[in-house]
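Naming: A, B, ... by sequence-line order, numbering from 1 per chain.
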2 protein chains.
Amino acid sequence: MKYCSISEAAAKFNVPESTLRYYEKKGLLPLIERDEAGRRLFSEDQIALLETVIRLKNTHMPINSIKQYLDWILEGENTIALRLDMMRNHKQAVLDEISLMKEALIGIDVKITRYTTVLSKENMEKRN
Amino acid sequence: MKYCSISEAAAKFNVPESTLRYYEKKGLLPLIERDEAGRRLFSEDQIALLETVIRLKNTHMPINSIKQYLDWILEGENTIALRLDMMRNHKQAVLDEISLMKEALIGIDVKITRYTTVLSKENMEKRN
DNA sequence: TGTTGACTTAAACCATGGTTTAAGTCGTAT
DNA sequence: ATACGACTTAAACCATGGTTTAAGTCAACA
C-alpha cells in the first residue's frame with residue numbers, strides 16, 4: 001500500500017492542511033494512522049474516504065451529518081439502510097438547491113441582458 | 001402605491017422578520033420608508049429590490065458584495081458597466097458551483113445504487 | 001380604559017467552518 | 001553539527017450570517 005502525507009493529501013483535493021487537521025479533530029477522518037514521528041499517513045482507503053467527505057462538503061452537507069455518516073460506515077453493514085436513507089435525502093436536498101440556484105440565475109440573466117442593452121445603446125449614441 | 005409590513009414582506013419571501021431587519025442594518029434594504037409609528041413600509045419597488053437581494057443570497061453571493069451592488073444601483077446609470085461586470089462574474093461563479101455539485105451528485109448516486117443493491121440482495125436471501 | 005398583538009431598538013448571543021499562532025519535534029541536506 | 005523544511009499540538013482567533021433578548025411604543029378592539 002502507498003501512503004501519503006498530509007501535504008500530498010491536501011494538494012490532491014486542493015484544500016489547506018489545516019482543514020484536514022480540523023476534519024480529523026471533528027471525526028471526519030477516523031482511524032488515520034501515524035508514522036513513528038507522529039505524522040499522519042493517508043492510506044488509499046483514507047484517501048477514498050476523504051474524497052467522500054469532500055464530495056459531501058461540496059454539496060453543503062453539515063459537518064455533523066458527515067460525521068454521522070462516517071460513524072455509520074465504521075459501524076458496519078447493519079447501518080446500510082440508514083446510510084441509504086441519508087444519501088437519498090441528501091440527494092434530494094442537493095437537487096432542490098440546484099433548482100433554486102438555477103431559478104435565481106434566470107433573474108440574473110435578465111439583469112445581464114438589460115445592462116448589456118443599455119450599454120450598447122450608449123455606445124451607439126456616442127458614435128453618432 | 002401599495003405598501004406592505006415587515007411581516008407581509010417576510011411571509012412573501014419565506015424568511016424571518018429578523019433577517020429583514022438584519023439586512024436593512026447591513027445596507028441591503030436602502031431607503032425603506034416608515035409610517036408615523038416608525039414601522040417599516042415596503043413599497044413595490046422595495047419588494048422588487050428585496051427579491052433581487054434574495055436571489056443573490058440564494059446563489060451564495062456574500063452580503064458585502066450584495067451591498068456593493070445595491071450601492072451601485074443607488075449611484076445611478078453611470079455604474080451600469082460595473083454592475084454588468086459583477087453580474088457576469090457572479091453568473092459564472094454560480095455555474096461553476098452548480099457543476100461542482102452535479103459532479104458530487106454522481107458519486108452520491110454511486111453510493112445509493114450500491115446500498116440499494118446490497119439491501120435488495122439481503123432481502124432475497126431472507127426470502128429463501 | 002386596559003390589554004392584546006404587531007411592531008420598534010440596541011446589544012448580546014449563537015452556530016458553522018474553518019485559520020492562525022506559538023511552541024516544539026523530526027529527517028535530511030550542507 | 002546545524003540549519004532548514006515538513007510536520008506535530010492545543011488553543012486562540014476569525015468571518016459570516018444570522019437569531020434572540022429585553023425593554024419599549026403604538027393601534028385597535030373588548
Original post:
If only side-chain N and O atoms of S5(A) are considered, is one of them under 4.0 Å from the OP1 or OP2 phosphate oxygen of dC7(D)?
Top reply: yes
Subject >> Nearest listed nucleotide, side chain of T19(A), among dT9(D), dG18(C), dG18(D) >> reply: dG18(C)
**OP:** May I ask you to check whether H60(A) and H90(A) place their ring centers less than 6.0 Å from one another?
**Re:** no
**OP:** Could you tell me whether the side chain of T113(A) and the main chain of D109(A) form a donor-acceptor pair under 3.5 Å?
**Re:** yes
**OP:** Find the distance E33(A):CD to dC7(D):P and express it as a whole number of Å.
**Re:** 17 Å
Subject >> d(CD, E24(A); P, dG18(C)) in whole Å >> reply: 15 Å
Original post:
Given dG18(D), dC7(D), dT9(D), which nucleotide is nearest the side-chain atoms of R34(A)?
Top reply: dT9(D)
**OP:** Identify whether any heavy atom of S18(B) sits under 4.0 Å from a base atom; if not, whether one sits that close to sugar-phosphate; answer base, sugar-phosphate or nothing.
**Re:** base
**OP:** Tell me which of A37(A) and K25(A) sits closer to the 5' end of DNA chain D, going by the nucleotide each one is nearest to.
**Re:** A37(A)
Subject >> T79(A) (side chain) donor-acceptor with L82(A) (main chain) under 3.5 angstrom >> reply: no
Original post:
At under 4.0 Å between heavy atoms, what does R21(A) touch on the DNA or RNA strands: base, sugar-phosphate, or nothing?
Top reply: base
Subject >> Presence of salt bridge, R40(B) and E24(B), under 4.0 angstrom >> reply: yes
Original post:
Atom NZ of K57(A) and atom C1' of dG17(C): how far apart are they, to the nearest Å?
Top reply: 10 Å
Original post:
Hey, does E36(B) reach any base, or is it just sugar-phosphate, or nothing, if we go heavy atoms under 4.0 Å?
Top reply: nothing
Subject >> Spacing of R40(A) atom CZ relative to dA6(D) atom C1', expressed in whole Å >> reply: 13 Å
Original post:
Can you check the E17(A) CD to dT21(C) C1' distance for me, whole Å?
Top reply: 15 Å
Subject >> Protein-nucleotide distance (I63(B), atom CD1; dG17(D), atom C1'), rounded to Å >> reply: 5 Å
**OP:** Look at atom CD of E77(A) and say whether more than 12 heavy atoms of other residues, nucleotides or ligands are closer to it than 6.0 Å.
**Re:** no
Original post:
Looking at dG17(D), dC7(C), dT19(C), which one has an atom nearest to any side-chain atom of P62(B)?
Top reply: dG17(D)
Subject >> Separation of atom CZ in F42(A) from atom C1' in dT8(D), rounded to whole Å >> reply: 13 Å
**OP:** Can you figure out which of dG18(D), dC26(C), dT19(C) approaches the side chain of Y22(A) most closely?
**Re:** dT19(C)
Original post:
Over how many whole Å does the gap from K26(B) atom NZ to dT19(D) atom P extend?
Top reply: 14 Å
